[in-house]
Amino acid sequence: MLNTAIKAARRGAAVINRASFDLDRVVVTEKQHNDFVTDIDQAAEQAIIEVLSKAYPDHAFLAEESGASANSHDENEYQWIIDPIDGTTNFIHGFPQYCISIALAHRGVVTQAVIYDPVRNDLFTATKGAGAYLNEKRIRVTKLDRISNAMLGTGHGAGPRALDEYLKMYQIMAERSQGVRSAGSAALDLANVACGRLDGFYEKGLKPWDIAAGALMITESGGIVGEFSGESDYLHKGDVIAASPKIFGQMITLLAPFA
């Protein structure tokens, strides 16, 4: 199943990479303020689903652009959770920070994950109980134990309320860490926590397809993922803190007022 997900991610990436050479031809639609979708998101998603559904015709799908498949409400054991381009705003501006995110949930538990960065050709993978990898090399979260030495990732949703809360959190975290980066792709930020490029990540208002694959990678690389309250229903509530264990505890303390 992991190999099929990798094949699907590369098929989607082929669509994205072709379009990236001529961004002026990309058709952009604004779903809501500062939340965009392109015809390339839709084409890449279709390419991904075609690969997966051919291999597993009975599996259900939850994808950002097409939503839940008709059989998602059946008692289906398997559901693929897909974001064809996480970081669409970056993509349409030619800013090289976006990825494909694919996760497989079995009876509601994510068991396989692929995040593919087509710009850097970085392939992150994870299987529940078998570790996380970047380009087939085992990865681990950082060993930092003080948030004052950490570099963190974050982001924010659309709307003035989300921005206001983001700025309040940013001030707290920026004052207590070495830096906070908002790069525009939550899935890629989570993958970067898993491999130690970031020491932690926090964001509110995410969707399952933003979180599912990256969260498994972090837990399989020795990290912790939770809500701002520390609870574990982040996949459905969409509020996420992710980090190595010691940094996670310090982030929870600082961000608890925003739970």
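Throughout, numbering of the chain's residues begins at 1 and tracks the sequence. Everything numeric in this text was worked out from a predicted model, so none of it was measured.
In this structure, V193 and A242 approach most closely via the heavy-atom pair CG1-O, 4.2 Å. The nearest pair of heavy atoms linking A5 to V114 is CB-CG2, 3.7 Å. Nearest heavy-atom pair, I247 versus L144, reported as atom, atom and distance to 0.1 Å: CG1-O, 3.6 Å. Residue G12 comes nearest to I48 through the heavy atom pair CA-CG1, 4.0 Å, listed as atom of the first residue, atom of the second, then distance. I85 and I16 make their closest contact through CG1-CD1, 3.6 Å (heavy atoms, listed as atom of the first residue, atom of the second, distance). Across G226 and Y234, no two heavy atoms sit closer than the pair CA-CD2, 3.8 Å.
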Quick one, F124 with N192, criterion side chain to side chain contact (heavy atoms under 4.5 Å, CB included). Give me CA distance, side-chain angles, the key distance, then yes/no. CA-CA 9 Å; F124 298 87; N192 283 330; 4.0 Å; yes
Apply side-chain hydrogen bond (donor to acceptor under 3.5 Å, both in side chains) to H106 and E77, showing your working. CA-CA 5 Å; H106 181 228; E77 288 195 357; 3.2 Å; yes
Working note: E227 + V240, criterion side chain to side chain contact (heavy atoms under 4.5 Å, CB included); need CA distance, chi angles, decisive distance, verdict. CA-CA 5 Å; E227 301 170 51; V240 174; over 6 Å; no
Evaluate side chain to side chain contact (heavy atoms under 4.5 Å, CB included) for Y166 paired with S182, printing each intermediate quantity in order. CA-CA 11 Å; Y166 163 82; S182 182; 3.5 Å; yes
Step by step, would you call R11 with Q46 a side-chain hydrogen bond (donor to acceptor under 3.5 Å, both in side chains)? CA-CA 10 Å; R11 186 74 58 84; Q46 186 58 41; over 6 Å; no
Please lay out, stage by stage, how Y78 and M1 fare under the test side chain to side chain contact (heavy atoms under 4.5 Å, CB included). CA-CA 11 Å; Y78 292 97; M1 289 179 177; 3.8 Å; yes
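For the pair L152/R181, no side-chain contact is recorded, criterion being any heavy-atom separation below 4.5 Å from C-beta on. Using a 4.5 Å cut-off on side-chain heavy atoms (C-beta onward), I40 and R18 make no contact. Within the 4.5 Å cutoff, no side-chain heavy atoms of V110 are placed close to those of K128. Residues S20 and Y98 have side chains in contact (heavy-atom distance under 4.5 Å, counting atoms from C-beta outward). The shortest side-chain heavy-atom distance between M169 and T154 does not fall under the 4.5 Å cut-off. Counting only heavy atoms from C-beta outward, the side chains of V225 and I241 never approach each other to under 4.5 Å.
A donor-acceptor pair under 3.5 Å links the side-chain atoms of T38 to the main chain of D41, judged by distance alone. Side chain of Q171 to main chain of L167: no donor-acceptor pair is present (N/O by atom type, distance under 3.5 Å, no hydrogens or angles). For the pair N90 (side chain) and A183 (backbone), a donor-acceptor distance under 3.5 Å is present. Judged by distance alone, the side chain of S221 and the main-chain N or O of R140 form no donor-acceptor pair under 3.5 Å. A donor-acceptor contact shorter than 3.5 Å links the side chain of Q250 to the backbone of I147. In this structure, the side chain of E220 does not engage the main chain of A132 through any donor-acceptor pair within 3.5 Å. At distances below 3.5 Å, not a single donor-acceptor pair connects side-chain atoms of D210 with backbone N or O atoms of D86.
Remark: R197 engages D122 in a salt bridge, criterion side-chain N to carboxylate O under 4.0 Å. A salt bridge links K204 to E165: one of the charged nitrogens lies within less than 4.0 Å of a carboxylate oxygen. One finds no salt bridge joining R161 and D164 here, because no Lys/Arg side-chain nitrogen approaches an Asp/Glu carboxylate oxygen to under 4.0 Å.
Taking the six-membered ring for Trp, F258 and F228 have ring centres at least 6.0 Å apart.
There is no side-chain donor-acceptor pair under 3.5 Å between Q79 and H59. Residues E45 and S66 have side chains that bring a donor and an acceptor to within less than 3.5 angstrom of each other. Using modelled atom types and a 3.5 Å distance limit, the side chains of Q112 and T127 yield a donor-acceptor pair. In this structure, a donor-acceptor pair under 3.5 Å is absent between the side chains of D239 and Y202.
The cluster map of Ile, Leu, Val, Met, Phe, Trp and Tyr, joined by side-chain heavy atoms under 4.5 Å apart, puts L2 and L123 in the same cluster. Hydrophobic clustering (ILVMFWY, side-chain heavy atoms < 4.5 Å, transitive): Y133 and I6 are in distinct clusters. Hydrophobic clustering (ILVMFWY, side-chain heavy atoms < 4.5 Å, transitive): I100 and F91 are in one cluster. The hydrophobic cluster containing L163 does not contain L206, counting ILVMFWY residues as joined when their side-chain heavy atoms lie under 4.5 angstrom apart, directly or transitively. Hydrophobic clustering keeps I218 apart from F248 (ILVMFWY residues linked when any side-chain heavy atoms are closer than 4.5 Å, directly or through intermediates).
Heavy-atom contacts from other residues, nucleotides or ligands closer than 6.0 Å to CZ of R138 number more than 12. Heavy atoms of other residues, nucleotides or ligands lying less than 6.0 angstrom from CD of E175 number more than 12.
Within the model, atoms CD of E65 and CD of Q42 stand 6.0 Å from one another, a figure rounded to the nearest 0.5 Å. Residue L254 holds its CG atom at 8.5 Å from CE of M251, rounded to the nearest 0.5 Å. Note that the CD1 atom of I82 and the CG atom of L52 stand 5.5 Å from one another [nearest 0.5 Å]. Rounding to the nearest 0.5 Å gives a distance of 11.5 Å between SG of C99 and OH of Y116. Annotation: the span from S101 atom OG to E64 atom CD amounts to 10.0 Å, rounded to 0.5 Å. Between T125 atom OG1 and L216 atom CG the span is 10.0 Å, to the nearest 0.5 Å.
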